[in-house]
Structure formats: C-alpha cells, structure tokens
Amino acid sequence: MPSRPGEVDQDIEHTEVEESLSLEEKEKELINKALAKHRNRRKTAAAELGISERTLYRKIKEYGLQ
C-alpha cells in the first residue's frame, strides 16, 4: 500500500503489466481455438468471440496468427 496519498505502489504497477501480457496470451489462445473450431471460418469465429470480423482480421495480423 502506498505510504502517502498520490504515491503509486510499485508492486501493483508490476502486477498490472504481467496481467496485460497474460491477457494477450489468452486472447491469442481464444482466437486460435475459435478459428480451429470453426475450420478457419473467420465470420463464425468472430461471432463466437463477440467481436467484429474486422477486429478479428486485425488481431490475426497483430499477433501473427495463421
């Protein structure tokens, strides 16, 4: 816990960075699973993931998937 108002606890900052990296890995994993489940049909994979096809295309490119 910060000792003074306005100070940031370094442990909390570090944990948030680790969590965001973990979320990225989980997102990649879910995208890959959805694509495999739907035999690479991006439209149905995107629908199951609850994202637009455009977002799925962007994520695939961003993460270097497939």
Side-chain angles (χ1 to χ4, degrees):
M1 190 167 219
S3 57
R4 296 181 195 165
E7 285 186 9
V8 177
D9 186 351
Q10 296 300 319
D11 291 334
I12 292 173
E13 274 188 34
H14 184 67
T15 301
E16 288 174 7
V17 170
E18 288 178 13
E19 288 174 4
S20 67
L21 294 174
S22 176
L23 288 172
E24 184 177 297
E25 289 302 316
K26 289 294 182 186
E27 187 173 49
K28 288 181 198 179
E29 182 182 326
L30 287 172
I31 289 170
N32 277 325
K33 284 183 179 182
L35 289 168
K37 177 180 177 181
H38 295 286
R39 298 185 183 123
N40 290 324
R41 292 187 188 109
R42 293 178 179 188
K43 184 175 185 173
T44 53
E48 179 158 326
L49 292 166
I51 59 176
S52 70
E53 286 181 75
R54 183 175 181 170
T55 297
L56 180 58
Y57 285 118
R58 185 177 51 80
K59 295 285 186 180
I60 289 169
K61 185 176 180 179
E62 178 182 340
Y63 296 142
L65 303 174
Q66 289 190 339

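No hydrogens, no waters, no symmetry mates; every other heavy atom, side chains included, goes into these values.
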Is it true that Tyr57 and Tyr63 fall in one hydrophobic cluster, defined by side-chain heavy atoms closer than 4.5 Å?
->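 Hydrophobic grouping puts Tyr57 apart from Tyr63.
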If you look at every heavy atom in Lys28 and Leu65, which pair is closest and at what distance?
->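 Scanning both residues completely, I find the closest heavy atoms to be O-CD1, 4.4 Å.
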Nearest 0.5 Å please: distance from the CD1 atom of Ile51 over to the CD1 atom of Ile31.
->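 Here the interatomic distance stands at 5.5 Å.
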Hey, what do you get for CG (Leu49) to CG (Leu35), rounding to the nearest 0.5 Å?
->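 CG of Leu35 is found 7.5 Å from CG of Leu49.
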Is there any salt bridge (Lys or Arg N to Asp or Glu O under 4.0 Å) pair reaching into residues 54-66, and which pairs are they, with sequence neighbours excluded?
->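 Non-adjacent pairs meeting salt bridge (Lys or Arg N to Asp or Glu O under 4.0 Å): Glu27-Lys59, Arg58-Glu62.
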Do any pairs count as a salt bridge (Lys or Arg N to Asp or Glu O under 4.0 Å) and have a residue in residues 36-53, sequence neighbours left out, and if so which ones?
->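 Qualifying pairs, neighbours excluded: Lys37-Glu48.
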